[in-house]
Amino acid sequence: MKLEDKLYTVGSKPDEAGSHLAIKDPAPCLGPCEALGRPCTTFCPARVYVWATDRITVAYSNCLECTACRTGCPFANIDCRLPRGGFGVAHKYG
């Protein structure tokens, strides 16, 4: 089963206040992180972080709120705050 099919089983209520995920500073992503293989593009189970040519994109609507990005970034460059109550992940099954 493809990741997109699995993500379909998870609903999400977006917060109008904006994303709960952000890259603090793009500079580490462009230089030092490249040498480490850009771990955020591999440790996130929902592929929230994708390298697109010359920058990292954040697909926060895919987030499963596992908080792996809080500890996975070697530069602590990802600002991850869980959404406010009533917003975020809503599992359809299980």
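Not measured: the values here are computed from a predicted model. Residue indices begin at 1 and follow the sequence shown.
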Item to complete: Ignoring hydrogens and angles, tell me if any N or O in the side chain of R70 forms a donor-acceptor pair with the backbone of C80 under 3.5 Å.
Response: yes
Worksheet item: Do C29 and R55 touch side chain to side chain, with heavy atoms closer than 4.5 Å?
Response: no
Discussion item. Could you report the tightest heavy-atom contact between K24 and A76, atom names first, then the distance?
Written reply: NZ-O, 3.1 Å
Fill in: Single-linkage hydrophobic cluster L82~Y60, side-chain heavy atoms < 4.5 angstrom
no
Fill in: Side-chain heavy-atom pair P74, L36 within 4.5 angstrom cut-off
yes
Worksheet item: At what distance, to the nearest 0.5 angstrom, does CD of E65 lie from CG of L21?
Response: 8.5 Å
Practice prompt. Please round to the nearest 0.5 Å and tell me the distance separating atom SG of C73 and atom CG of D79.
Written response: 11.5 Å
Worksheet item: Are V50 and F43 connected, step by step, through hydrophobic side chains (Ile, Leu, Val, Met, Phe, Trp, Tyr) whose heavy atoms are closer than 4.5 Å?
Response: no
Worksheet, complete the sentence: A46 and N62 have their tightest heavy-atom pair at CB-O, 3.3 Å
Worksheet entry | Distance, nearest 0.5 Å, that separates SG of C33 from CH2 of W51 | 8.0 Å
Discussion item. Within the structure provided, determine whether C66 and P45 are in side-chain contact (heavy-atom separation under 4.5 Å).
Written reply: yes
Item to complete: Without swapping roles, check the side chain of N77 against the backbone of D25 for a donor-acceptor pair under 3.5 Å.
Response: yes
Worksheet item: What's the spacing between R81 CZ and S19 OG if we round to 0.5 Å?
Response: 7.5 Å
Discussion item. I'd like to know whether I78 forms a side-chain contact (heavy atoms from CB on, under 4.5 Å) with Y49, so could you lay out the CA-CA distance, the side-chain angles of the two residues, the decisive distance to 0.1 Å, and finally the verdict.
Written reply: CA-CA 10 Å; I78 298 174; Y49 306 96; 3.2 Å; yes
Discussion item. In the structure I gave you, are the side-chain heavy atoms of V58 and V48 within less than 4.5 Å of one another anywhere?
Written reply: yes
Worksheet item: Does any non-hydrogen side-chain atom of H20 lie less than 4.5 Å from one of C63?
Response: yes
Fill in: Side-chain (T57) to main-chain (A52) donor-acceptor, under 3.5 angstrom
no
Item to complete: Working to the nearest 0.5 Å, report the span between OG1 of T41 and CD1 of I56.
Response: 6.0 Å
